[in-house]
Amino acid sequence: MGQRGAESEVEIVVDGQRQRVAPGITVAAALFNLGISALRRSVSGESRGPVCGMGVCFECRVTIDSRPHQRACMVAVVDGMHIHTASDS
Amino acid sequence: MTGEYFTTGEYAGTDAEVVVADVAVIGAGPAGIAAAASAAERGLRVALLDRGLESGGQIWRHINGVAIPRVAQQWLARLDKSGAQILRRTSVVDVSVDVAGFEILAESSGRALHIRVTNIILATGAREMFIPFDGWTLPGVMGIGGAQALLKSGGSFAGKRVVIAGSGPLMLPVAAALAESGARLVLVAEQAKRSAVARFAAGLWRTPSTLMQAARYRARFMSSSYSTGTWVTAAHGSDRLESVTVTNGRRTWRETADVLCTGYGLIPNVELARLIGCETRDGAVVVDDDQRTTIANVQAVGEVTGIGGAPLSLIEGEIAGLTVGSRLSVPLPLLRRRATFEAAARRMFDVFAPRAELRALPTPTTIVCRCEDVTYGVVQDAVCARQAKLHTRAGMGPCQGRTCMPGLEFLLAWHSDTVRPPIEPALVSILSSEVAKNAPSSFLSNSCVGDVYQ
């Protein structure tokens, strides 16, 4: 628990777009703040977004740095991180 | 099989690490923190496992220690000084028992971790109970606790139109926090009757700090409407939430909303306790005065023993930390405080029990299992959770039924299912580290690994 609150924004790449977001927040929070609501497609093709916020429901799965099925609510943003969601057209 | 789950070969971490300790505390919310700190202060070697990014659990969720209550800061500081080893981003996959004690198989940041201990303290907390309704799978519909978690991990609700509809005391702090963060709180709808909520509030005099807190929360979203005896019957939108249908049994109306927070109280996370063999009653782990479960050298503390809130969790954690691996007697004041908070928690259950009308929420085409997209019409004919799983795949996805099964138990009067490992989705490399070790009493040999992993 360091005193890292004053750190500047980090740059992430979401669905091919460069974005600047607050440091230390979760990927789920970053995507929510960017207005990206559909994080994955369900087995029948529906859009899904975060539900439980605590790693239980697996609805917020996205691809992070080429690793599929990562829970966006359980991972903090890191500078240079590449995120791929179901909102990518 | 959906072809959608977890792939192998992403991680090199097959060289498993081993941790040896006297006590493993599983879950780093208030109960687990208090248990780990109290046990470590007695000189025991304690490993505190938690799947989150930071210690604190849900109620003390924070980023870099910002914006948590004083009592949380004090406990986190005490934990830091106690000498307990904190293993973050670590999920328990399996527990096996032998004469020497317990061997816990965990996944820690993609690597296998074997933790050998003589005692386990379960502090696995609780999750929200959901009741499915049409449209609840739309992005924008989330748990009440889910919204709180999103807010605490950096999400901004500023300017968003929010409806909170469900039941239980969690609605108040979440409504207060969302209103303060700039959300436009359209409606807070509590399904319990006004008379029941009033009875609950009247009973709070026994724990005055709780009563004061409830009043303070309400004051913080005073400009928003708080309705009792009111619930949401459907959510609407094409690819994300646009509006909700609300009813109070006499009148039905629409509210436009960007976010719907829903949830019908908390239910204990008993999966790991059941895997170990601990007796449960009414969905909570049975414990004695020293927080001991029915399995030797396994204790349970906090919400997993019954929903009671953070103050009760801290007391139970301290009691377990003092009694683990010993027959020390618990100080009387601690026992008295536990009894007071337990009585308050029991009253809460009666007040906020979901009303019968909520059983009519899902229609035959409502998706109940969000992992496998199984509809209510399909699961309705099953006689039990097990049959539903085998015949319809409801509850067989990555969440392992944690999201849909409690609601289905309420809707269809099913009984809880048995638990089999792995209790959390895990990489095949983690599981193979267990198989290769060939532990004599491993539960894994009985499980159908292919169900969860591909």
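In this structure, a donor-acceptor pair under 3.5 Å is present between the side chains of A:Glu46 and B:Thr137.
Neither the backbone nor the side chain of B:Glu128 comes within contact range of chain A, judged by heavy atoms closer than 4.5 Å. Of the atoms belonging to B:Val259, it is side-chain heavy atoms, and not backbone ones, that fall under 4.5 Å from chain A. Using a 4.5 Å cut-off between heavy atoms, B:Leu53 contacts chain A through its side chain alone, with no backbone atom that close. Proximity to chain A is limited to the side chain of B:Ile367, based on heavy atoms less than 4.5 angstrom apart. Both the backbone and the side chain of A:Ala76 come within contact range of chain B, judged by heavy atoms closer than 4.5 Å.
With respect to the salt-bridge test (charged N to carboxylate O, under 4.0 angstrom), the residues B:Arg89 and B:Glu54 do not qualify. Salt bridge present: A:Glu11 and A:Arg18 bring a charged side-chain N and a carboxylate O closer than 4.0 Å.
When each of B:Ala147, B:Gly140, B:Gly155 is scored by its heavy-atom pairs under 4.5 Å with chain A, the top score falls to B:Gly155. Annotation: maximal heavy-atom pairing with chain A below 4.5 Å, among B:Gly143, B:Gly52, B:Ser91, occurs at B:Gly143.
Every pair tested for side chain to side chain donor-acceptor pair (under 3.5 Å) that includes a residue from residues 144-158 of chain B fails, sequence neighbours excluded, so the list is empty.
With B:Arg78 contributing its side chain and B:Ala37 its backbone, the two residues share no donor-acceptor pair below 3.5 Å.
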Less than 3.5 Å apart, which donor and acceptor atoms pair up between the side chains of residues 49-59 of chain A and the rest of the protein, not counting sequence neighbours?
| from | atom 1 | to | atom 2 | distance (Å) |
| --- | --- | --- | --- | --- |
| A:Glu59 | OE1 | A:Arg40 | NE | 2.9 |
| A:Glu59 | OE1 | A:Arg40 | NH2 | 2.4 |
| A:Glu59 | OE2 | A:Arg48 | NH1 | 3.1 |
| A:Glu59 | OE2 | B:Arg370 | NE | 2.5 |
| A:Glu59 | OE2 | B:Arg370 | NH2 | 3.2 |

